[in-house]
2 protein chains.
Amino acid sequence: MKLTITLSAAALAWGICTPVMAQQKAAAKETNTQLETRFDQQLSSAHVGATIKELSAKPHHLGSAEGKKVAEAIAGKFKSYGWDARINTYKVLFPTPKTRVLELTAPVKFTATLKEPALKEDATSGQEGQLPTYNAWGADGNVTAPLVYVNYGLPEDYETLERLGIDVKGKIVIARYGRSWRGIKPKVASEHGAIGCIIYSDPKEDGYYEGDVYPKGAFKSEYGVQRGSVMDMVIYPGDPLTPGVGATENAQRLERSQAATILKIPVQPISYHDAQPLLAALEGPVVPAEWRGALPITYHTGPGKATVHLEVAYNWDLVPAYDVVATIKGSQYPDEWVIRGNHHDAWVNGAGDPISGLAAMLEEAKAIGALVKSGYQPKRTLVYCAWDGEEPGLIGSTEWVEDHDKELQQKAVAYINTDGNERGFLGMGGSHALTKLMDGIAKDVTDPQTKVSVYERAKAAAVVNAAPAGRKAALEKKNITLFALGSGSDYSPFFQHLGVPSLNLGFGGEGDGGEYHSIYDSYDQYSRFKDPDFSYGVALAQVAGRAALRLADANVLPFDFTDLYKTISGYVKELTDQADQLRESTVLENRLIKEHSYQLAADPKKSFTAPKAKAEVPYLDFSALQNALVKLDHSSSTLADSMAATTVTAAARQRLNEALYQAEQSLLVSQGLPKRPWFKHSIYAPGFYTGYGVKTLPGIREAIEQRNWKEAQEQIAVVAGAVTTFSAKLDEITGLIK
Amino acid sequence: MKLTITLSAAALAWGICTPVMAQQKAAAKETNTQLETRFDQQLSSAHVGATIKELSAKPHHLGSAEGKKVAEAIAGKFKSYGWDARINTYKVLFPTPKTRVLELTAPVKFTATLKEPALKEDATSGQEGQLPTYNAWGADGNVTAPLVYVNYGLPEDYETLERLGIDVKGKIVIARYGRSWRGIKPKVASEHGAIGCIIYSDPKEDGYYEGDVYPKGAFKSEYGVQRGSVMDMVIYPGDPLTPGVGATENAQRLERSQAATILKIPVQPISYHDAQPLLAALEGPVVPAEWRGALPITYHTGPGKATVHLEVAYNWDLVPAYDVVATIKGSQYPDEWVIRGNHHDAWVNGAGDPISGLAAMLEEAKAIGALVKSGYQPKRTLVYCAWDGEEPGLIGSTEWVEDHDKELQQKAVAYINTDGNERGFLGMGGSHALTKLMDGIAKDVTDPQTKVSVYERAKAAAVVNAAPAGRKAALEKKNITLFALGSGSDYSPFFQHLGVPSLNLGFGGEGDGGEYHSIYDSYDQYSRFKDPDFSYGVALAQVAGRAALRLADANVLPFDFTDLYKTISGYVKELTDQADQLRESTVLENRLIKEHSYQLAADPKKSFTAPKAKAEVPYLDFSALQNALVKLDHSSSTLADSMAATTVTAAARQRLNEALYQAEQSLLVSQGLPKRPWFKHSIYAPGFYTGYGVKTLPGIREAIEQRNWKEAQEQIAVVAGAVTTFSAKLDEITGLIK
């Protein structure tokens with residue numbers, strides 16, 4: 001590693017007397033070229049495959065003996081690669097099933113199998129130790145009631161039911177997977193008075209409609225079931241008993257009944273084999289076209305004679321969660337941490353989710369370890385983490401983050417997350433101040449299949465898949481767009497709770513499959529359908545590893561807040577447009593209602609309840625936020641210009657860098673979002689009614705969507721305040737570059 | 001009828017000294033109020049139901065003994081209502097099946113049933129005399145070949161197949177019903193080298209996906225089959241052996257092999273029961289999402305091992321077609337004919353198609369007969385027609401029109417068509433100069449279910465179903481829009497061959513069903529699902545009867561050519577926009593191709609052929625047409641202004657009216673459309689690749705769509721010429737009002 005060290009020293013010398021922007025560029029690109037070449041040479045797709053095979057060999061969910069062995073194996077690997085690795089253990093609540101019964105009791109009797117069969121084509125599918133099919137965090141319950149089909153189970157689906165004259169109060173609902181995060185479905189059902197919730201995989205979204213089913217093809221067979229958490233994670237993720245604090249041995253714990261994120265009704269996921277008799281038994285109106293799945297039946301809403309008995313009970317145990325945390329200490333800035341993470345727990349074997357992403361991360365660790373052995377030293381400390389308990393609710397990451405919150409807000413430069421990975425196109429989400437960093441990386445990494453850059457390949461897909469009206473703009477775009485992060489993986493606590501700049505990276509789009517959270521997420525499935533030669537495991541290691549290395553070695557950290565300004569500005573434009581459109585559409589809708597258009601257009605032989613007029617939408621005063629944005633425009637571009645024009649001494653650089661990576665924390669609001677104080681980021685949050693799906697400027701956006709004008713106005717002031725504080729922070733940073 | 005006569009005489013007197021426009025208004029509205037009240041009082045929904053039951057009691061297709069009896073029964077009814085009724089007989093070619101075999105021969109053996117079972121819930125479903133399931137005008141043939149699924153079988157579907165690397169040359173294709181008229185599917189298949197064509201009803205468009213199936217509900221059961229003509233009717237409709245002339249006993253006939261409208265490959269329609277094993281046996285790529293139906297299988301394109309044997313042979317007989325033509329002579333203008341028609345032949349029993357429309361027409365005839373008995377005399381001659389042989393290809397109407405072409409171009413004021421009718425919303429298409437007439441009628445007739453006008457009800461549906469962007473405009477619209485007519489019923493020969501102003505009227509949208517062209521289009525089905533109390537039969541009689549009476553009694557015929565001008569002007573705008581968009585999209589598409597976007601976005605593990613660059617779109621010179629439109633704007637508004645301001649003597653009125661109703665003939669072009677001289681209207685035609693679907697300004701539009709720029713430019717000149725001639729005709733009419 002001599003050459004790299006030499007280059008690094010040269011860059012250091014060079015940095016002292018060059019403008020900050022050039023230093024950033026050097027950090028982001030030129031400095032690391034040769035190091036990265038050496039890094040790439042250490043990556044082996046065969047080794048990625050071997051790691052996937054090894055770590056997915058047995059079911060290894062949170063709290064299982066095999067889960068502990070996987071954590072220990074990972075720690076062992078880190079150590080063997082030359083890292084300092086420890087296991088941090090937390091004690092967390094985790095329900096596993098005791099009883100699961102689902103029956104149709106009328107008009108005919110049918111007992112759901114609730115079981116995925118072993119397949120001879122899938123070597124691990126018949127193993128001991130599999131968690132049965134269930135949704136964690138539904139309530140214990142034993143209910144019998146008429147059944148109603150609620151489509152995806154979203155708030156607007158209940159509006160449609162109201163139009164059709166159907167009420168779910170006292171009923172059991174059946175919703176299909178899709179559109180929202182699964183936990184939204186029972187939560188909304190419960191809000192509407194349902195007493196139980198069944199979630200099934202319709203072959204339209206997940207089965208034969210998509211392609212040949214497993215094991216002939218990759219897609220979900222009739223018995224496949226998607227397990228998954230239904231914790232009300234949009235309130236807070238992590239251990240339900242220890243919100244805001246690490247679930248250490250002696251942490252103060254809530255009573256289970258006090259935990260706001262555990263649902264109030266029983267929930268059970270089922271296969272389409274089990275769902276078909278239930279759905280076929282429904283009476284009532286035929287559902288609207290958008291509600292129809294791909295089963296060979298006529299979909300009705302219910303209710304009718306179809307009655308369902310659902311009984312579920314859980315072991316509500318406290319179990320250990322094993323987070324593996326491995327470090328290589330920084331040579332110049334040991335208290336600046338570049339954090340990288342991927343979870344290790346799986347619902348069952350989890351070859352794809354999470355092991356494919358974990359194997360890429362371990363491949364990076366192996367390569368970096370080799371570089372260190374040959375003399376390389378990162379300037380900042382690298383912290384590589386393998387999280388436990390992500391599947392039930394981002395538990396391992398959240399508890400570790402809550403346990404280290406102060407330290408992380410002081411030291412964390414950025415958090416780089418991955419999760420399941422497969423063949424296809426690079427997708428990247430995260431803090432928009434890191435746009436240029438990731439743009440550079442996407443243009444430097446080569447796509448294994450086409451040999452163009454992963455940027456060019458993702459761009460081609462964006463262009464081809466763009467709506468005709470947006471195609472020209474897509475073609476003329478010269479840089480990546482980071483998508484905004486909602487939730488669904490371990491970045492949430494870093495990003496939305498602490499304001500640590502975060503990234504979520506992965507390839508996807510060509511890994512056919514219906515194995516998600518089933519016993520068929522196996523090495524056999526993965527190596528046939530997801531990434532047969534594991535080359536995208538290497539590509540992911542190249543992308544995420546470069547992000548870690550460039551952040552670790554940058555003389556001046558590559559944050560560019562003009563990109564963040566442009567992004568927020570775009571969101572504000574969306575919101576003002578949305579409020580205007582809602583105002584116009586409400587006026588028009590009320591006019592239709594007044595003129596009886598809905599009644600006149602409805603078939604008099606069918607049950608139909610016309611919508612009620614809604615209060616008109618007032619003009620909101622966005623000026624505080626708009627003025628804050630004018631300031632941010634100025635502050636961010638002044639900072640960028642100063643960094644381009646001014647030099648900074650090596651001595652001053654540490655304070656500058658610290659200020660750069662801590663800047664995003666100024667966008668947190670201390671009281672958090674309405675109804676969910678744990679979520680503190682004013683710009684990004686998972687949607688209260690979408691789950692994984694992001695809501696940007698969530699306080700304002702969700703108040704508008706829920707037609708809560710008072711709260712919308714209050715939240716405009718809150719966000720304007722955060723943006724103003726953030727601008728002041730940027731001005732302060734500009735002051736450091738004198 | 002004294003009061004009416006008095007009113008009529010008063011109006012006549014009034015007309016002499018009032019502006020023409022006022023005369024028109026009087027004709028269109030005030031004059032007839034009391035007459036129309038009396039007319040309405042004669043209409044009986046119970047009688048409509050009885051007529052439907054009687055005339056659909058037996059299968060009565062073209063050439064059958066029962067078909068002859070139905071024609072005779074209709075003639076008898078007209079006579080009993082006081083009309084002069086005759087049967088005009090033509091001798092026409094009509095194929096009926098001798099042999100029908102469809103088998104899957106590999107990878108497994110399956111023989112298609114090709115049979116709709118009788119149902120105890122449907123009294124006529126087991127009768128003798130049913131035509132078996134077939135598509136008339138496919139070729140005799142005996143072919144065995146691999147099978148390929150071609151989606152709807154449209155030209156763009158073959159482009160998609162090309163992208164996927166699939167060729168149909170020498171194969172048998174299977175297409176689903178929908179999107180285009182059925183005859184387009186085998187025609188396009190044949191153009192691409194396929195040697196046989198199977199057309200099936202997918203449950204997505206026609207079956208359980210839509211609602212409960214017959215006999216539980218109204219929708220198509222697994223064995224239901226849609227019969228139907230696949231004649232290449234967009235070349236010319238009617239008897240294939242006598243294009244352009246009436247198929248009288250001694251008409252000169254083509255050899256069958258010379259008839260351009262008979263297809264070159266064998267065709268067979270099947271049920272989804274018969275289709276599923278065929279589709280399930282296909283290999284090759286999984287089809288794109290838009291290609292997937294609702295069968296519980298993964299849809300593949302084929303080919304593969306799936307091999308099909310299709311054998312069909314027909315009796316190619318000359319059979320008699322019986323057109324019933326009934327008249328009540330006009331008191332003032334006996335040589336001005338208001339023509340009304342509906343076919344009487346059915347594929348099987350045809351309670352819905354065509355008897356529901358025919359029963360409404362007969363109800364009008366009964367009511368008018370009663371008015372005549374009590375003293376009313378229409379000023380113009382009413383000609384009520386019940387056509388034979390519409391189902392196989394508009395045969396009875398076309399032969400009668402061709403047989404009387406000169407007389408019709410001299411005497412026909414307008415042709416008012418109906419066909420199957422059901423509960424729901426009024427839909428009206430036709431000559432746009434009749435917009436105001438039909439607007440007035442739609443506002444005068446009451447919807448049986450909601451008691452608002454049928455205009456208000458149709459408007460409510462248009463508003464509610466409008467895309468959000470168009471909803472406000474839909475709400476603020478104050479008048480009807482006539483849709484442009486393509487083909488699919490008996491107006492085509494009048495309208496597109498002779499230029500007789502035409503209308504096509506019907507209610508629909510609430511008559512659930514999958515009975516179309518099957519043995520289940522029965523009285524039992526109709527009276528359960530289509531219009532249980534037959535009140536929409538009465539509503540249709542009110543609409544169509546008013547159109548006939550107002551046209552028959554108008555002092556000055558209610559043509560307003562400013563509406564036609566605006567409509568044509570809108571079409572020209574569409575075409576210039578379309579050419580511009582095509583130019584831009586071609587440039588963009590070529591750029592994507594050049595930059596390899598399609599290859600880079602494609603999955604390298606799947607077969608994919610990138611599209612080839614296309615020649616750029618030249619700027620077309622629309623100026624001749626645009627200038628002709630400026631002239632038409634002037635001519636049509638001058639005529640309208642003159643009619644509003646000027647008086648006309650009763651003596652001059654006859655020449656004026658004749659000029660008004662013949663004006664549309666000026667829009668015919670003598671050489672007809674490219675590739676199809678029979679279609680002479682320059683503004684409206686069925687699409688060469690859509691069938692029933694209309695193409696407005698067809699010569700230009702289809703040339704642009706087919707990227708034939710030379711022909712597009714030629715057709716601009718042709719249409720400009722027709723519009724100029726038409727303007728001159730309007731100026732001539734203005735000259736008559738001096």
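Residue numbering restarts at 1 for every chain, and letters A, B, ... go by the order of the sequence lines. Model, not experiment: these values are computed from the prediction.
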### Query
How about Y149(B) and R176(B): do any of their side-chain heavy atoms sit closer than 4.5 Å?
yes
### Message
Counting only heavy atoms not in K477(A) (residues, nucleotides, ligands), do more than 12 fall under 6.0 Å from its NZ?
### Response
yes
#### Entry: Audit row: K216(B), E121(B), salt bridge (charged side-chain N to carboxylate O under 4.0 Å, His left out) steps and yes/no
CA-CA 9 Å; K216(B) 182 186 178 195; E121(B) 296 86 349; over 6 Å; no
### Message
Testing the basics here: between M428(A) and A442(A), what is the closest heavy-atom pair and its distance to 0.1 Å?
### Response
CE-CB, 4.1 Å
### Query
Heavy-atom distance under 4.5 Å to chain A: side chain of F425(B), backbone, both or neither?
side chain
### Summary
One option among D447(B), V463(B), T450(B), L475(B) has the most heavy-atom pairs under 4.5 Å with chain A, and it is L475(B)
### Task
Heavy-atom pairs under 4.5 Å with chain B are the metric here; pick the option from I297(A), T298(A), V452(A) that has the most.
T298(A)
#### Entry: Heavy atoms from other residues, nucleotides or ligands near CZ of R179(B) exceed 12 (cutoff 6.0 Å)
no
### Task
Identify which part of P203(B) has an atom lying under 4.5 Å from any heavy atom of chain A, answering side chain, backbone, both or neither.
neither
### Heavy-atom side-chain contact between D212(A) and F219(A) under 4.5 Å
no
### Message
Quick check on salt bridge (Lys or Arg N to Asp or Glu O under 4.0 Å): which of K220(B), R528(B), K530(B) does E515(B) satisfy it with?
### Response
K530(B)
### Message
If you compare all heavy atoms of S201(B) against all heavy atoms of Y177(B), which two are closest, and at what distance to 0.1 Å?
### Response
OG-CD1, 3.5 Å
### Side chain / backbone / both / neither for E589(B) at chain A, heavy atoms under 4.5 Å
side chain
### Message
Quick check on the structure: residues of residues 272-291 of chain B within a heavy-atom distance below 4.5 Å of chain A, by number.
### Response
V286(B), A289(B)
## Note on the structure
Filtered by a 4.5 Å non-hydrogen cutoff, the part of residues 596-611 of chain B contacting chain A is S597(B), Y598(B), L600(B), A601(B), A602(B), D603(B), P604(B), K605(B), K606(B)
### Query
Any side-chain heavy-atom pair from K459(A) and K443(A) closer than 4.5 angstrom?
no
#### Entry: Per-residue contact mode, E584(B) against chain A (heavy atom under 4.5 angstrom)
neither
### Query
Do the side chains of N590(A) and L592(A) get nearer than 4.5 Å, heavy atoms only?
no
#### Entry: Note, E156(A) side chain near N151(A) side chain (heavy atom, < 4.5 Å)
no
### Summary
Counting heavy-atom pairs under 4.5 Å with chain A, the top scorer among G211(B), A461(B), A294(B), A462(B) is G211(B)
### Query
Would you say the side chain of Y209(A) lies within less than 4.5 Å of the side chain of L295(A), judging by non-hydrogen atoms?
no
### Query
Looking at E456(B), Q449(B), R423(B), K472(B), which has the largest count of heavy-atom pairs under 4.5 Å with chain A?
R423(B)
### Query
chain A: which of K204(B), E595(B), R457(B) shares the most heavy-atom pairs with it under 4.5 Å?
R457(B)
### Minimum side-chain heavy-atom gap F507(A)-V454(A) below 4.5 Å
yes
### Query
Aromatic rings F529(B) and Y214(B): how do their planes relate, parallel, tilted or perpendicular, breaks at 30° and 60°?
perpendicular
